[in-house]
There are 2 protein chains.
Amino acid sequence: MARWEPDPRGRLLRTAIELFSDQGYEATTTAQIAERAGLTKTTLFRLFPDKREILFQGQSLLVDLAAEAVRAAPDGSSGTAAVAAAISAMTDAHVAGHSSSRQIARLIAASPELQERAAFKRSSIAQALQAALAGRFGEGHHVGLLADLGVRAYYDGFDSWIAADDDRSLTTAVLEELASCEAALRELLSGSPAR
Amino acid sequence: MARWEPDPRGRLLRTAIELFSDQGYEATTTAQIAERAGLTKTTLFRLFPDKREILFQGQSLLVDLAAEAVRAAPDGSSGTAAVAAAISAMTDAHVAGHSSSRQIARLIAASPELQERAAFKRSSIAQALQAALAGRFGEGHHVGLLADLGVRAYYDGFDSWIAADDDRSLTTAVLEELASCEAALRELLSGSPAR
DNA sequence: GTCTATACAATGATAGAC
DNA sequence: GTCTATCATTGTATAGAC
């Protein structure tokens, strides 16, 4: 009795990574991906809103996780502490390992269409983080800047985690990045470097 | 003797704004825009790489303007002075007035597809600015943060210019925004607000 | 050198059968 | 839930008209 293979989204993701890596993103059709994963194009588009989203599945959650973490941060938390809570919540939700994250990063770097989607995700996170921070700390200028700081730490920390071969956790990597961004900012404003 | 109407790109832009405002971005086809502008779909796609880009024409220049301004900033300029030069160069190149800028902003706000393109433009500017700053000040963490600061000042200043009805120039608006971002950052790091 | 006609491939939507 | 089938639209390619 032929039963459906489980986890169609995961299967489509793995298949897509394979085909994109072989032929490039543009040269691979959605029909090809679906077929190799044992499905049809229609099913693929029921499971994902569009072709790009196959590689970005899960990232939509980050927006809510970040906002929720800011709300849940303890009373009296500083702005940077709330940001740290937000980006830790995002990294804690990250399941993929070094190698598949690295593969996806390579694919994005090779395709303008995927870069555009990545930029959109990043800006969605920044906006959500800013809104959540505004809910706690008010609507001043600083919350946008704080959000930028957090998002930069998250993405730069992610890159450094991907590049490294040690067994430092992703959370550790982004929190270290956040700390060094804060230090760099202080130095910057005190006027000594980048003089 | 029927001669070609001049400025096909501008005509397509105005027609697109009309139709998008009436029917929405998605409900308007490229054939419709082209026809109403007295052209064909083929010509539209010769003049613009894709449908979204009709509304973003000119923005590709900003990347080069920003980078060039950083390179051209006087010897001994501080990081923030270089950023100020970059965003002034971008605003000086802006030709459209309040009303059409406002219309475009409204259209973008109403369409996820256009928001995605806008996020991509913003991130392209941020990357170019960061690279140019790295060329002058080195590759440290601070250049990414400086670029974020400049880009935020540019976009928030732009929004405030669009919202206002005074005759303050766009350049004035973004430079004021930059100054108040710097002040907010100092306050933020000194630990008093958003505590 | 700018515009057009035609044909075409791919994305993504939709409706109905199993 | 998945499939077949069909469809509109975007965007490309080519060859030709003014």
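Here the structure is a predicted model, which means the values were calculated and not measured. Below, chains carry the letters A, B, ... as their sequence lines are ordered, and counting in each starts from 1.
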- Heavy atoms only: give me the nearest R9(B)-Q57(B) pair and the separation to one decimal. O-NE2, 3.5 Å
- Task: Inspect the contact between R152(B) and D156(B) and indicate whether a charged nitrogen and a carboxylate oxygen are less than 4.0 angstrom apart.
- Result: yes
- Query: Rounding to a whole Å, what distance do you find between E113(B):CD and dT11(C):P?
  - Reply: 15 Å
- Message: If the cut-off is 4.0 Å, is T40(A) near the phosphate of dT2(D), judged by side-chain N/O to OP1 or OP2?
- Response: no
- Message: Whole angstroms only, please: what is the CG-C1' distance between L47(B) and dT10(D)?
- Response: 16 Å
- Message: Between P on dT12(D) and CD on E53(B), what's the gap in Å once rounded to a whole number?
- Response: 12 Å
- Residue mapping more 5' on DNA chain C - nearest nucleotide basis, T43(B) or E26(A): T43(B)
- Between CZ of R117(B) and P of dG11(D) the distance, given in whole Å, is 8 Å
- Mark yes or no for a side-chain to base donor-acceptor pair under 3.5 Å between K41(B) and dG11(D), with no hydrogen or angle criteria applied. yes
- Item | Salt bridge present between E35(A) and K41(A) (N-O < 4.0 angstrom) | no
- Message: Rounding to an integer number of Å, can you tell me how far K51(A) NZ sits from dA13(C) P?
- Response: 15 Å
- Query: Rounded to the Å, how far apart are E35(A) CD and dT4(D) C1'?
  - Reply: 15 Å
- Message: With clusters defined by side-chain heavy atoms of hydrophobic residues (ILVMFWY) lying less than 4.5 Å apart, directly or transitively, does I108(B) cluster with M90(B)?
- Response: no
- Side-chain N or O of R52(B) closer than 4.0 Å to phosphate OP1/OP2 of dG11(D): yes
- Message: With a cut-off of less than 4.0 Å, is there a side-chain N or O of R46(B) near OP1 or OP2 of dC3(C)?
- Response: yes
- Would you mind reading off the distance between F20(A) atom CZ and dA10(C) atom P, rounded to a whole angstrom? 14 Å
- Item | Residues E182(A) and R186(A) bridged, charged N to O under 4.0 Å | yes
- Item | Interatomic distance, R9(B) CZ vs dT2(C) P [rounded to whole Å] | 9 Å
- Message: Please pick, from dT2(D), dA13(C), dA5(D), the nucleotide with the shortest atom-to-atom distance to any side-chain atom of T42(A).
- Response: dA5(D)
- Quick one: which of dT12(D), dC3(D), dG12(C) gets closest to the side chain of F45(A)? dG12(C)
- Hey, does the side chain of T30(A) come within less than 4.0 Å of dT11(C)'s phosphate (OP1/OP2), counting only N and O? yes
